[in-house]
Amino acid sequence: ENGKKAKKRKQEYEDEEEEEEERSTDGSKWKFLEHKGPVLAPPYEPLPGHVRFFYDGKLLRLSAPAEEVATFFAKMLDHEYTTKEMFRKNFYKDWRKEMTSEEKSKITDINKCNFTEMSEYFKAQSEARKQMSKDEKLKIKEENERILQEYGFCVMDNHKERIGNFRIEPPGLFRGRGDHPKMGMLKRRIRPEDIIINCSKDSKHPKPPQGTRWKEVRHDNKVTWLVSWTENIQGSIKYIMLNPSSRIKGEKDWQKYETARRLKKCVERLRAQYREDWKSKEMRVRQRAVALYFIDKLALRAGNEKEEGETADTVGCCSLRVEHIKLYSKMDDQEYVVEFDFLGKDSIRYYNKMPVEKRVFKNLQLFLENKQPEDDLFDRLNTSILNKHLQELMDGLTAKVFRTYNASITLQQQLKELTSPDESIPAKILSYNRANRAVAILCNHQRAAPKTFEKSMQNLQTKIDEKQKQLSATRKQLKGAKTEHKASHDDRSKKMVEVKRKAVQRIEEQLMKLQMQATDREENKQIALGTSKLNYLDPRISVAWVKKWDVPMEKIYNKTQREKFAWAIDMAEEDYEF
DNA sequence: TCCTTGACTTGCGATCAGAAAC
DNA sequence: GTTTCTGATCGCAAGTCAAGGA
């Protein structure tokens, strides 16, 4: 019965797709698109006169442009960033460009600049904001809501859709991740003249602010963005696009998982293939095969080349260098161990030791021959070569599909393995989180341990201890009630026993729930679950699991997540198989 | 074939707002 | 009512990958 219903629902969903399918055949993403344009960053408000800047101990009044950039620095004064040489150097260089010639001649050493009054002023401001009355806070909230209603939605074809980021990024200082050569540089203010609007011809076009004009208004329905501008740090393009709950994002997401499911069907064939290729006469084929093995087995990212000096030095699979791996023919009781140690996306460290097959090991030794530490491990390979190869093996296959596939299949397996039918709901949720955690570990999704981790752990432990005490007290009472009932055999005492029995049971449940929470939190100290949940795990697996075990959906997905995964919640029944 | 550009996804930390504790 | 804590949301940087031009 359920299966039938699911099929019917799925069919309906697909029918609906088909109705609007015509758009995708020619690559067009929409027919009609209307929106109000972006919300620009608020103009700069000069500091009040009493907030002073000192240079070399002497008061110096800055021109508005120089002052604005100085406030960006002042706002970050408490951050470690501002102590870094590179950050200070880049900031100072860009700041000078905003100074008048007089300022330039006076200010010659950033170390003689004193931003503390500015910094104190901003701290006081944010303190004051916290202290605002309820009414004032409400007013701000209402104003935000109004802006959201006006600018936060667009009409795409026949649907009103939520826009993801409708505010233009305000000017400020660029903060890269890791050891970024451009940290501290000035991110300039984006004006209407920098902005390209994309909407349909027959829509009401967004109006630029009085006295300004857009850089361009175009009508390109081959793309999904509404607004774009070029950012000045890397020269890359930034976009305003729709919210993940939108039809256009949801469909794309669905497609992504369908591609991963197609990989599931042929992954064994591909594995056999790359194992075969380890023996190839051609170096490029061997390298490709070993790289693919890493991508499959360790869920490494593809690893595009990056322009040196433009970004932090990070790598993925294809861009691994000799210095990033170490080979041990024997380590402890294992043979042929490869040790990985490199900075990946966002300069997050990837550290792992993995025993590999002898053939892989021998290949790696070969790849390392006569190379310097800074040489590429896979010198005959790049992401473009790899992806072209993958495309030949399966339509739509690229390196990142392996991450999606391995993440989703791992979740499904782990859920099967960890969920026991008769455990309580909190225990089931712990199992779910553990399955999710296995994936996060596979994908190396880390986080800095929360600053308040130790404290919050202690708080939880205190609660557990209290609950423990409460439990033994209540147990004692139960025992007492039983004794009394044995003596008196009356109805009142019988009732009392029942009441106490229930109380014990309730407290036991509460205690267990707390203990589950503590375990979960402890295990999750340095692991970030969000990224995999949002980007790698086929939501239908979770939906099916929730339905199978009668776990409330909101224990697994919060409101935004339910919105994003609406398509899956609608589509999957408890028998869904990834 | 190489290099650049453009569009889109993925990723972390910061900040915010509401719930819980006091 | 006020303060503290926590999960949700935001902000925006940093990846992937395809296409187009040299």
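A note on names: the letters A, B, ... follow the listed sequences, proteins ahead of strands, and every chain is numbered from 1.
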| Taking for each residue the nucleotide of DNA chain C bearing the nearest heavy atom, is the 5' side occupied by A:Glu554 or by A:Ala312? | A:Glu554
| query | Taking only side-chain nitrogens and oxygens of A:Lys130, does any of them come within less than 4.0 Å of OP1 or OP2 of C:dT2? | reply | no
| message | With a cut-off of less than 4.0 Å, is there a side-chain N or O of A:Thr398 near OP1 or OP2 of C:dC17? | response | yes
| field | Most 5' of A:Thr383 and A:Asn243 on DNA chain C, judged by nearest nucleotide | value | A:Asn243
| said: Under 4.0 Å, counting only non-hydrogen atoms across every strand here, what does A:Lys533 touch: a base, just sugar-phosphate, or nothing? | reply: nothing
| Within less than 4.0 Å of OP1 or OP2 of B:dT9, is there a side-chain N or O belonging to A:Tyr536? | no
| query | Reckon A:Asn165 has a side-chain N or O less than 4.0 Å from the OP1 or OP2 of C:dG11? | reply | no
| Do A:Trp225 and A:Ile237 have side chains that get closer than 4.5 Å, going by heavy atoms? | no
| Sugar-phosphate, base or nothing in reach of A:Asn304, heavy atoms under 4.0 Å | base
| Test item: A:His445 and A:Tyr536 side chains (from C-beta on) under 4.5 Å apart, heavy atoms | yes
| Would you say A:Thr531 reaches B:dC12's phosphate, i.e. side-chain N/O to OP1/OP2 under 4.0 Å? | yes
| What does A:Glu231 touch in the nucleic acid at a heavy-atom separation under 4.0 angstrom: a base, only the sugar-phosphate, or nothing? | nothing
| N/O (side chain, A:His445) to phosphate O (OP1/OP2, B:dT10) under 4.0 Å | no
| Any side-chain heavy atom of A:Ile556 within less than 4.5 Å of one from A:Lys428? | no
| said: Under 4.0 Å, counting only non-hydrogen atoms across every strand here, what does A:Thr224 touch: a base, just sugar-phosphate, or nothing? | reply: sugar-phosphate
| query | Is any NZ, NE, NH1 or NH2 atom of the basic residue among A:Arg437 and A:Glu523 found under 4.0 Å from an Asp or Glu carboxylate oxygen of the other? | reply | yes
| field | Nucleotide B:dT5, atom C1' - distance to CD of A:Glu305 in whole Å | value | 15 Å
| message | Please classify the nucleic acid contact of A:Pro170 as base, sugar-phosphate, or nothing, using heavy-atom distances under 4.0 Å. | response | sugar-phosphate
| Taking the side chain of A:Asn535 as heavy atoms from C-beta outward, which of C:dA8, B:dT10, B:dG13 is closest to it? | B:dT10
| said: Using a heavy-atom cut-off of 4.0 Å across all strands, would you classify A:Gly235 as base, sugar-phosphate, or nothing? | reply: nothing
| request: Answer yes or no: is there a side-chain heavy-atom contact under 4.5 Å between A:Trp95 and A:Phe73? | output: no
| said: Does the structure place the NZ or CZ of A:Lys182 under 6.0 Å from the centre of the six-membered ring of A:Phe174, at an angle of no more than 45° from the ring's axis? | reply: no
| query | Are any of A:Lys252's side-chain N or O atoms less than 4.0 Å away from OP1 or OP2 of B:dA7? | reply | no
| remark: From the candidates B:dC12, B:dT10, B:dT9, the one with an atom nearest any side-chain atom of A:Met241 is B:dT9
| field | Residue A:Thr314, side-chain heavy atoms: nucleotide from B:dA7, C:dA13, C:dG15 that is nearest | value | C:dG15
| Under 4.0 Å: is that the gap between some side-chain N or O of A:Arg403 and OP1 or OP2 of B:dG11? | yes
| query | A:Lys249 has a side chain; which of C:dC17, B:dC8, B:dC12 sits nearest to it? | reply | B:dC8
| Closer than 4.0 Å, any side-chain N/O of A:Lys187 to the OP1 or OP2 of C:dA13? | yes
| Does A:Lys400 have a side-chain nitrogen or oxygen under 4.0 Å from the phosphate oxygens OP1 or OP2 of B:dT10? | yes
| Applying the salt bridge (Lys or Arg N to Asp or Glu O under 4.0 Å) test to A:Arg321, which of A:Asp376, A:Asp313, A:Asp375, A:Asp341 qualifies? | A:Asp313
| task | Just call it for A:Lys345: base, sugar-phosphate, or nothing, with non-hydrogen atoms closer than 4.0 Å on any strand. | result | base
| message | Strictly below 4.0 Å: does A:His180 bring a side-chain N or O up to OP1 or OP2 of C:dA14? | response | yes
| query | Touch check for A:Gly176, heavy atoms < 4.0 angstrom, all strands: base, sugar-phosphate only, or nothing? | reply | sugar-phosphate
| query | Looking for any heavy atom pair under 4.0 Å, which part of the strands does A:Ile348 touch: base, sugar-phosphate only, or nothing? | reply | sugar-phosphate
| said: As a test of reading the structure: which of C:dG11, B:dT10, C:dA18 is closest to the side chain of A:Arg177, going by heavy atoms? | reply: C:dG11
| request: Determine the contact category for A:Tyr239: base if any of its heavy atoms lies under 4.0 Å from a base atom, sugar-phosphate if only primed atoms, P, OP1 or OP2 are that close, otherwise nothing. | output: base
| query | Does the side chain of A:Arg301 get closer than 4.0 angstrom to OP1 or OP2 of B:dG11 through an N or O atom? | reply | yes
| Does A:Lys559 put a side-chain nitrogen or oxygen below 4.0 Å from OP1 or OP2 of B:dG18? | no
| task | Please check the phosphate of B:dG6 (OP1 and OP2 only) for any side-chain N or O of A:Lys222 closer than 4.0 Å. | result | no
